[in-house]
Amino acid sequence: MKKIELLAPAGSYEKAKTAFKYGADAVYCGTSSLSLRTRADMDNNDLIKTIEYAHSIGKKVHVTLNIFAWDDKYEEIIEMAKILNKVKPDAIIAADGGVIETLKQYAPNIPIHISTQANIVSSRDCEFWYKNGAKRVIMAREANKEQLKYIMEHKPEDLEVEMFGHGSICFAFSGRCFLSDFLCGRSANLGDCAQSCRWSYNLYAEEKNNPGEFLPIEESEYGTSIFSSKDLCLIKEIPEIINMGIDSLKIEGRLKTEYYIASVINVYRNAIDDYMKDPKNYDYSKYLKEIEKSKTREFTTFYFNDRNNKDIQDLSGRQYNEQYEFGGKIIEYRQEKSVIEIKNKLSVGDIMEIIIPNKLEPEIFEIEKLWDYETEEEIDSISPGVKGQKVFMKLPTKCGNDWIIRREKWKEGRY
């Protein structure tokens, strides 16, 4: 079996470090103005720092430059291409033909990966991009496994193929959506999507013989999220994905937290490695159980197994996790009093889970004592007040710096 790359999202330098720590082979990231995530916390210096750090530990960085650019963006694109040609990321992800031609001119030494935004769904499409300089194509999420297998068998031999395996799904075809721009002037194709498909809408029925009389149709008191999809999860399909020879499995989520990245990447890292070592005994259920702790919507396999799959909508439109939340990040392990950066309210008696890199099962413990970070006085609880707020906590086992801790939400009768 060919080793598959596990590709993680990185909306900041710190998130990139978390992804690498928890097993990512590569990350994809970009500056806010030229990628499809204007709210990503990464400027040019952070991008360069991420590339240098990744290469120092033998990892890779794919830079996203995948906007559909107006003419007034090309001066900035040319300058970025020149910078990237010097710092040498492992690839540049793009979709716009004009951007790609610009990259070939000003960053000729950097491999080009064709973004999922290009809607690639056929072997002929793959061949077109290959002839136009692509090293890799990122498949549209709409492609099912039969289509993917056919593409793997008929594509140019040295053309790499990447696909999404987990994360949010855009309601529009491969993410090329105009809804946000239409409703509030924020273009998804320029990286400023307002996620209008996740909003709740009031629907009305009009009887044709009585025009102007509207009867409300509601799913709940919040309206109906008619465009909102469930999140993709292909953890069960890992064997099929690896066996068909896919080069890279991509996780969505550049705007997600370090906790989400650590949780999801760690599960997929273990699943991939376990299957490669012992394919006959792959049991997806234990990985699914762990990954459900970090889910924010219900899961779907989308069209991977069945083009007629209708189980793809999340009409509630809510993002939530009823069981777990980001507890904290280990800043410095000490035998008696470790330094923890808190992310939610923590109290003595809370049940916590340490997410251990390259180990599927977390270390579960109960908070027995907390100490104020400034005074070292013993306290019963602490809530985040300022960014980077810290507390002292005794941990049950030796831990690495930057490991992530999740907190089990309290429920009556649970503990």
Enquirer: Give, for atom CE of Met352 and atom CD1 of Ile354, the distance between the pair rounded to the nearest 0.5 Å.
Expert: 8.5 Å

Enquirer: Can you label the angle between the His166 ring and the Tyr260 ring as parallel, tilted or perpendicular, going by 30° and 60°?
Expert: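 Correct class here is tilted.
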
Enquirer: Once you measure the plane-to-plane angle for His113 and His62, does it fall in the parallel (<30°), tilted (30-60°) or perpendicular (>60°) bin?
Expert: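 Perpendicular.
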
Enquirer: Taking the six-membered ring of Phe299 (Phe, Tyr or Trp), confirm whether the NZ or CZ of Lys295 is under 6.0 Å from its centre and within 45° of its axis.
Expert: yes

Enquirer: For the pair Asp158 and Tyr130, evaluate side-chain hydrogen bond (donor to acceptor under 3.5 Å, both in side chains) and give the outcome as yes or no after the intermediate values.
Expert: CA-CA 9 Å; Asp158 56 341; Tyr130 178 73; 2.7 Å; yes

Enquirer: Hey, does the side chain of Ser115 reach the backbone of Asn66 with a donor-acceptor pair shorter than 3.5 angstrom?
Expert: no

Enquirer: Would you confirm whether Asn401, through its side chain, and Tyr333, through its main-chain N or O, come within 3.5 Å as a donor-acceptor pair?
Expert: yes

Enquirer: Which distance, rounded to the nearest 0.5 Å, do you find between the CD of Glu252 and the OG of Ser168?
Expert: 4.0 Å

Enquirer: Does Tyr287 have its ring centroid less than 6.0 Å away from the ring centroid of Tyr282?
Expert: yes

Enquirer: Is the shortest side-chain heavy-atom distance between Asp96 and Gln117 below 4.5 Å?
Expert: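 No, too far: nothing below the 4.5 Å cut-off.
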
Enquirer: Return the NE2 to CZ distance between His154 and Arg124, rounded to the nearest 0.5 Å.
Expert: 10.5 Å

Enquirer: Mind checking whether Arg136 and Ile114 have side chains closer than 4.5 Å, heavy atoms only?
Expert: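 Answer no - side chains too far apart.
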
Enquirer: Hey, is the main chain of Ser294 close enough, under 3.5 Å, to the side chain of Ser263 for a donor-acceptor pair?
Expert: no

Enquirer: Go through Tyr275 and Tyr284 one step at a time and tell me if the ring-ring contact (aromatic ring centres under 6.0 Å, His included) criterion holds.
Expert: CA-CA 10 Å; Tyr275 179 72; Tyr284 79 91; over 10 Å; no

Enquirer: So, Glu76 and Lys73, do they make that salt bridge, N to O below 4.0 Å?
Expert: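 Yes, Glu76 and Lys73 are salt-bridged.
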
Enquirer: Look up atom OG1 in Thr257 and atom CD in Glu325, then write down how far apart they are to the nearest 0.5 Å.
Expert: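 Nearest 0.5 Å value for the OG1-CD distance: 11.0 Å.
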
Enquirer: Does the side-chain hydrogen bond (donor to acceptor under 3.5 Å, both in side chains) test come out yes or no for Arg297 and Ser229, once each step is laid out?
Expert: CA-CA 9 Å; Arg297 300 183 184 94; Ser229 66; over 6 Å; no

Enquirer: Looking at every heavy atom in both Ala94 and Val99, which two are closest together, and how far apart are they?
Expert: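 Reported closest heavy-atom pair: CB-CG1, 4.1 Å.
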
Enquirer: Looking at Asn243 and Pro239, would you say the former's side chain and the latter's main chain have a donor-acceptor pair under 3.5 Å?
Expert: yes

Enquirer: Can you tell which of Glu322, Glu408, Glu353 makes a salt bridge (Lys or Arg N to Asp or Glu O under 4.0 Å) with Lys293?
Expert: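 Of the listed options, the one satisfying the test is Glu353.
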
Enquirer: State, with a plain yes or no, whether a side-chain heavy atom of Ser12 is found less than 4.5 Å away from one of Asp46.
Expert: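 No. Closest side-chain heavy atoms not under 4.5 Å.
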
Enquirer: Can you check whether Met80 reaches Leu65 side chain to side chain, under 4.5 Å on heavy atoms?
Expert: yes

Enquirer: Sub-3.5 Å donor-acceptor pair from the side chain of Asn309 to the main-chain atoms of Phe302, do we have one?
Expert: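 At least one qualifying donor-acceptor pair exists.
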
Enquirer: Could you tell me whether the side chain of Glu258 reaches within less than 4.5 Å of the side chain of Lys329, counting heavy atoms only?
Expert: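 Side chain of Lys329 against side chain of Glu258, heavy atoms only: contact under 4.5 Å found.
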
Enquirer: For Ala262 and Thr18, which heavy atoms make the closest approach, and how far apart are they?
Expert: CB-CG2, 3.9 Å

Enquirer: Please list, chain by chain and in numerical order, all residues satisfying salt bridge (Lys or Arg N to Asp or Glu O under 4.0 Å) with Glu332, sequence neighbours excluded.
Expert: Arg334

Enquirer: Apply the test salt bridge (charged side-chain N to carboxylate O under 4.0 Å, His left out) to residues Lys17 and Glu14: give CA-CA distance (whole Å), side-chain angles for both, the deciding distance (0.1 Å), then the verdict.
Expert: CA-CA 5 Å; Lys17 291 201 301 181; Glu14 289 300 319; 3.5 Å; yes

Enquirer: Is the positively charged end of Lys250 above the ring of Tyr28, judged by distance under 6.0 angstrom from the centroid and angle within 45° of the axis?
Expert: yes

Enquirer: Do the side chains of Glu290 and Arg406 get close enough for a salt bridge, i.e. N-O under 4.0 angstrom?
Expert: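 Yes, charged N to carboxylate O under 4.0 Å.
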
Enquirer: Taking 4.0 angstrom as the limit, do Asp273 and Arg269 come out as a salt bridge?
Expert: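 Between Arg269 and Asp273 there is a salt bridge, with a charged N closer than 4.0 Å to a carboxylate O.
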
Enquirer: Answer whether the closest heavy-atom distance between the side chains of Phe392 and Glu336 falls below 4.5 Å.
Expert: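 No, side chains not in contact.
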
Enquirer: Which residue in the set Lys155, Lys135, Lys2 passes salt bridge (Lys or Arg N to Asp or Glu O under 4.0 Å) when paired with Asp247?
Expert: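 Filter result, single survivor: Lys2.
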
Enquirer: Is the shortest distance from a Lys or Arg side-chain nitrogen in Glu101 or Lys104 to a carboxylate oxygen in the other one below 4.0 Å?
Expert: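 Salt bridge between Glu101 and Lys104, a charged N being under 4.0 Å from a carboxylate O: yes.
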
Enquirer: Counting only N and O atoms by type, is there a donor-acceptor contact under 3.5 Å from the side chain of Tyr22 to the main-chain atoms of Ile355?
Expert: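 Looks like yes, one N/O pair under 3.5 Å.
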
Enquirer: Specify the closest pair of heavy atoms between Ile331 and Glu341, including all atoms of both residues, with the distance to one decimal.
Expert: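 Closest approach of Ile331 to Glu341: CD1-OE1, 3.5 Å.
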
Enquirer: Any side-chain heavy-atom pair from Trp129 and Ile100 closer than 4.5 angstrom?
Expert: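 Yes, at least one pair of side-chain atoms sits under 4.5 Å.
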
Enquirer: When rounded to the nearest 0.5 angstrom, what distance separates CD in Glu237 from NZ in Lys145?
Expert: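 Rounded to the nearest 0.5 Å, the CD-NZ separation comes to 7.0 Å.
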
Enquirer: Say you draw a straight line from CG of Asn344 to CZ of Arg407; how long is it, rounded to the nearest 0.5 Å?
Expert: 7.0 Å

Enquirer: Could you report the tightest heavy-atom contact between Leu370 and Ser381, atom names first, then the distance?
Expert: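 Minimum heavy-atom contact is CD1-CA, 4.2 Å.
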
Enquirer: Run the numbers on Leu395 and Met393 for side chain to side chain contact (heavy atoms under 4.5 Å, CB included), then give the verdict.
Expert: CA-CA 6 Å; Leu395 298 174; Met393 180 191 301; 3.9 Å; yes

Enquirer: Can you tell whether the side chains of Glu376 and Lys337 come within less than 4.0 Å, N to carboxylate O?
Expert: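 So Glu376 pairs with Lys337 through a salt bridge.
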
Enquirer: Considering all heavy atoms of both residues, which atom of Cys233 and which atom of Ile291 are nearest to each other, and what is their separation?
Expert: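 Minimum heavy-atom contact is SG-CG2, 4.4 Å.
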
Enquirer: Does some side-chain heavy atom of Asp90 sit less than 4.5 Å from a side-chain heavy atom of Pro111?
Expert: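 In short, these two side chains do not touch, never coming nearer than 4.5 Å.
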
Enquirer: Treating Thr300 as the side-chain partner and Asp311 as the backbone partner, does any N or O pair qualify as donor plus acceptor under 3.5 Å?
Expert: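 Yes; at least one donor-acceptor contact below 3.5 Å.
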
Enquirer: Side chain to side chain contact (heavy atoms under 4.5 Å, CB included) between Arg254 and Thr64: does it pass, once the steps are laid out?
Expert: CA-CA 11 Å; Arg254 271 188 285 161; Thr64 53; 3.1 Å; yes

Enquirer: Between Lys88 and Asn109, is a side-chain hydrogen bond (donor to acceptor under 3.5 Å, both in side chains) present by the stated rule, with each step listed?
Expert: CA-CA 8 Å; Lys88 293 181 172 49; Asn109 301 318; over 6 Å; no

Enquirer: Assess whether side chain to side chain contact (heavy atoms under 4.5 Å, CB included) is satisfied between Leu47 and Val63, documenting all intermediate values.
Expert: CA-CA 8 Å; Leu47 182 59; Val63 175; 4.0 Å; yes

Enquirer: With no hydrogens and no angle check, is any side-chain donor or acceptor of Glu127 less than 3.5 Å from a backbone partner on Ser123?
Expert: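 Side chain of Glu127 to backbone of Ser123: no pair is present.
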
Enquirer: Any side-chain to backbone donor/acceptor pair from Asn270 onto Asn266? Under 3.5 Å, distance only.
Expert: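 Looks like yes, one N/O pair under 3.5 Å.
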
Enquirer: Between Lys60 and Asp25, is there a side-chain N and carboxylate O pair less than 4.0 Å apart?
Expert: no

Enquirer: After noting the C-alpha distance and the side-chain angles of Asp372 and Thr375, does the key distance pass the side-chain hydrogen bond (donor to acceptor under 3.5 Å, both in side chains) rule?
Expert: CA-CA 6 Å; Asp372 184 90; Thr375 66; 3.3 Å; yes

Enquirer: Could you tell me if Lys59 sits above the aromatic ring of Phe20, with its cationic atom closer than 6.0 Å to the ring centre and no more than 45 degrees from the axis?
Expert: no

